[in-house]
Structures are given as C-alpha cells and as structure tokens.
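Position 1 is the first residue of the sequence, and the numbers go up from there. Scope of the values below: all heavy atoms of this structure, side chains included, with no hydrogens, waters or symmetry mates.
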Amino acid sequence: MPRRTATMLASFLVLFALLCAGVFIKVPYSEMSPGPTVNTLGDSRGEPVLNISGHKTYPTSGHLNMTTVRVTGADYDMNLLEAVYGWLAGDNIVVPHENLYPNGKTDKESTQENAEEFSQSQESAKVAALKQLGIPVTARVIVSTVVKGSPSEGKLHAGDVIKDVDGAPVNEPGDVAKLVTKHQPGEPVEFTVVPAADAAAAEKENREPTGSTKITITAGKAPDDGHAIVGIRAGTDHTFPFPIDIKLADVGGPSAGLMFALGIVDKLTPQSLTGGKFIAGTGTIDDTGKVGPIGGIQMKTIGARQAGAEYFLTPAENCASASAHTPDGLTLVKVSTIDDATKALEKIGKGDTAGLPRCTKS
C-alpha cells in the first residue's frame with residue numbers, strides 16, 4: 001500500500017475511533033441554551049396569557065416578554081462529543097450536571113418542583129401587581145403541606161385556614177411555629193381552623209368563611225433538637241377582588257414572576273406602559289414586590305435579543321453576570337422592585353431613556 005494511502009487510512013481510523021469514543025463516553029455535564037420568549041401582553045397557543053375579568057382593563061401595546069432557558073433533562077446522559085460541541089457553540093453553555101440537578105434530582109422531581117415554583121410565582125405576581133396599583137388583597141395563613149406520619153396527619157389538611165393556635169391569632173405563617181414551640185413534646189396544641197372545603201366554597205362565592213372548628217393535636221418531637229412539632233408547613237393564601245388567570249404551558253420555575261406582574265399592571269393601567277416598545281425581562285418576585293435573581297441570565301438575554309427585544313429588565317443581583325456578555329443592541333435595565341420596573345417602563349415608553357438605571361460589570 002502506498003505510504004500516502006496508508007497515512008490517510010490511519011488518520012481516518014484514528015478520527016473514527018475518536019468520534020466513536022466521543023459518542024460512547026458519557027460525561028457529567030448538562031447543556032443550557034436560549035429558550036423561547038412569550039409576550040405576557042399577548043396570546044400563547046391561541047389563548048391570552050393574562051386574562052382579567054370583573055374589573056376594567058385597558059388596551060396594551062408593545063411587548064413585555066418573559067424569557068426561558070432550555071436545559072437537558074436530569075436523566076439525560078450527555079456524551080463527550082455533545083459536550084465539546086456545546087462548549088464551542090456560541091449561544092450555549094455546558095455546566096456540571098450537579099449545578100442544575102443537585103443531590104441526584106430526577107426529571108420527575110425537577111418537573112414537580114418547577115411546577116410548584118411556577119404556581120407560586122403566579123400567585124406572588126398577582127399580589128405584587130395589585131399592591132403596586134393600590135388594590136387591596138386579602139391574605140390568610142393556611143396549612144400548606146402535612147408531613148406524612150406526623151401528629152397532624154388525618155387531622156389537619158392542606159388548604160385549611162389557620163385562624164389561631166391556643167387562642168392566639170395567627171397573622172403570618174411564621175406565627176404557627178412560634179406558638180407550637182412554646183409547648184413541650186407530648187403536650188396538646190389547639191388549632192382553630194376553617195376546613196379547606198369550606199374556605200374554597202367561601203372564596204368561590206366571594207365571601208368570608210363563616211364557620212370554624214377546633215382541633216387538638218399532641219405535639220411530637222423534632223429529630224434535630226427535640227423541640228415540639230406538629231408536622232405541618234404553613235403558607236399564605238390570597239383572596240383577590242377579581243379573577244386573574246395566567247395560562248402558559250410547558251414553562252416552570254419562578255423566574256417569570258416579574259414579567260407576569262408587569263403585564264397585570266399594564267392591563268389595569270389606562271396608559272400603555274411600554275409605549276409600543278419591545279421589552280423583555282426576568283426575575284422572581286415576592287408578595288412585597290421585591291425582585292430576586294434567577295439562573296441562566298446570559299441565555300435569557302440572548303433569547304430576548306433574538307426575539308427582537310431592545311430593553312431587558314434585569315434583577316440587580318444578575319447585573320454583573322448579564323453585563324459580561326450583553327448581546328449587541330440590547331440595553332440591560334437594573335431593577336430591584338416592581339416599582340423600579342414600572343418606573344423604568346414609563347421612561348422607556350416615553351422615550352426618556354437617559355436616566356435609566358443600567359447594569360454594569362462591577
């Protein structure tokens with residue numbers, strides 16, 4: 001065989017072996033890439049993302065797009081070839097699998113957690129938006145979950161409204177633990193609650209629940225330090241003065257909270273907040289309107305710019321990371337609260353952008 005042919009054959013075999021190795025060698029990494037964006041002022045799959053009834057709404061214009069990140073699944077085994085391609089691709093990021101799915105989290109567990117966070121983000125977005133507009137929202141403390149095998153199992157149920165513990169009023173979820181831990185393990189703790197079914201019926205009929213019941217639970221013992229426990233987690237439920245329905249399929253996690261809240265504010269405000277501009281953004285939001293950081297910020301800014309956004313509302317704690325790789329033509333606007341965000345939108349809508357709080361690398 002001629003030397004040149006032999007060399008080419010050997011090179012081909014080596015390359016083929018490397019490709020095979022790349023396909024069959026699994027590596028502990030996952031990939032993140034820009035996901036789709038959705039205008040919270042518009043429709044998704046033929047239905048409005050935000051549907052408000054029982055209260056006057058106003059026409060909107062422009063875009064307030066929430067952004068997403070695509071990630072490989074928890075149960076997907078990436079091979080070496082895919083990892084190398086991901087590292088070389090400009091719009092993708094390859095990260096350790098543990099960063100996205102800590103402690104061996106499965107696809108099912110991740111999906112459930114994301115769904116719960118998404119649901120909570122919608123609730124907080126409604127509360128923050130209405131508070132921003134000065135519209136009262138009624139809050140009540142409920143049983144969020146009951147721990148299996150705990151003293152409360154079969155006595156308290158998720159959704160029960162907690163009125164008091166031992167006669168002491170409960171105004172915040174933290175009050176429950178404070179009142180329970182005044183006891184010693186083995187002592188009785190008396191709860192006054194409105195059963196979940198009665199509370200749901202009253203909310204549907206837009207009235208306050210009229211009945212309550214007293215339930216006595218014998219306190220158990222915490223395994224860590226031995227303090228008294230009853231085995232529930234308390235949370236907050238809200239009664240809204242009119243229905244606000246958020247519909248968006250195949251999305252999870254808490255990071256759309258800010259954009260949902262701003263969409264609600266815009267629909268309930270006579271003037272258009274965006275002034276017809278294309279604005280995207282991200283950020284968690286709590287009931288007080290505080291905006292929190294999210295993951296995958298660089299992927300979200302890329303996705304926003306690809307969709308046509310000119311401005312990107314960025315949580316203050318994500319500013320440094322987002323500024324390190326800002327897509328051309330995208331202005332990063334720094335926000336810490338829903339009030340910051342609405343004021344920024346008003347400036348953008350009016351074309352008064354000189355004073356916008358912008359993200360910097362430091």
Side-chain angles (χ1 to χ4, degrees), residues 30-42 44 49 62-72 86-95 99-100 114 117-118 121 125 248 250-263 266 273-285 290-338 340-345 347-349 353-362:
S30 294
E31 186 178 65
M32 303 170 65
S33 60
T37 76
V38 178
N39 185 11
T40 60
L41 301 176
S44 176
V49 176
H63 289 70
L64 284 174
N65 281 40
M66 53 82 65
T67 50
T68 64
V69 176
R70 287 194 181 95
V71 296
T72 50
W87 277 316
L88 296 176
D91 290 346
N92 297 355
I93 296 179
V94 175
V95 298
N99 287 10
L100 298 179
N114 284 336
E117 290 177 337
F118 188 61
S121 75
L248 192 59
D250 301 327
V251 176
S255 64
L258 171 62
M259 302 312 291
F260 284 146
L262 293 174
D266 200 354
L273 290 182
T274 68
K277 303 294 194 305
F278 196 135
I279 302 157
T282 189
T284 65
I285 200 163
K290 181 180 178 182
V291 177
I294 52 82
I297 187 67
Q298 294 177 18
M299 299 294 95
K300 292 187 175 183
T301 56
I302 292 170
R305 186 57 185 143
Q306 288 176 345
E310 298 176 273
Y311 299 90
F312 192 89
L313 302 179
T314 311
E317 295 178 57
N318 288 125
C319 265
S321 177
S323 298
H325 303 281
T326 307
D328 292 338
L330 189 67
T331 298
L332 303 183
V333 182
K334 178 180 177 181
V335 296
S336 298
T337 65
I338 188 173
D340 291 345
T342 53
K343 288 177 179 176
L345 289 181
K347 286 180 176 290
I348 294 170
T353 59
L356 282 175
R358 303 179 185 231
C359 288
T360 60
K361 294 182 180 180
S362 58

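- Here the closest non-hydrogen pair linking P254 and E117 is CD-OE1, 3.3 Å.
- At distances below 3.5 Å, not a single donor-acceptor pair connects side-chain atoms of D266 with backbone N or O atoms of L262.
- Side-chain contact check for P36 versus R70: some heavy-atom pair is nearer than 4.5 Å.
- Listed by chain and number, the residues in a side chain to side chain contact (heavy atoms under 4.5 Å, CB included) with N39 are L41, H63, L64, N65 (sequence neighbours excluded).
- Here T360 contributes atom OG1 and L332 contributes atom CG; the two are 10.0 Å apart, rounded to the nearest 0.5 Å.
- Every pair passing side chain to side chain donor-acceptor pair (under 3.5 Å) that includes a residue from residues 306-332 is listed here, sequence neighbours excluded: D91-Q306.
- Atom OG1 of T40 is separated from atom CG of L248 by 9.5 Å, given to the nearest 0.5 angstrom.
- For A322 against I297, the heavy-atom pair with the smallest separation is CB-CG1, 3.7 Å.
- Among all heavy-atom pairs drawn from K334 and A316, the shortest one is CE-CB, 3.7 Å.
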For residues 277-285, tabulate all N or O donor-acceptor pairs below 3.5 Å that involve a side-chain atom, not counting sequence neighbours.
residue: T282; atom: OG1; partner: S255; partner atom: O; Å: 3.3
residue: T282; atom: OG1; partner: K300; partner atom: NZ; Å: 3.2
residue: T284; atom: OG1; partner: G292; partner atom: N; Å: 3.1
residue: T284; atom: OG1; partner: G292; partner atom: O; Å: 3.4

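- Looking at every heavy atom in both residues, Q298 comes nearest to T301 through O-OG1, 2.9 Å.
- Taking both residues in full, the closest heavy atoms of A341 and L258 are given as CB-CD1, 4.0 Å, listed atom of the first, atom of the second, then distance.
- In this structure, T67 and A304 approach most closely via the heavy-atom pair CG2-CB, 4.0 Å.
- How far CD1 of I338 is from NZ of K343: 12.0 Å, rounded to the nearest 0.5 Å.
- Contact check for L345 versus L313: side-chain heavy atoms found under the 4.5 Å cut-off.
- Distance check, rounded to the nearest 0.5 Å: CD1 of I348 to CG of L356 gives 5.0 Å.
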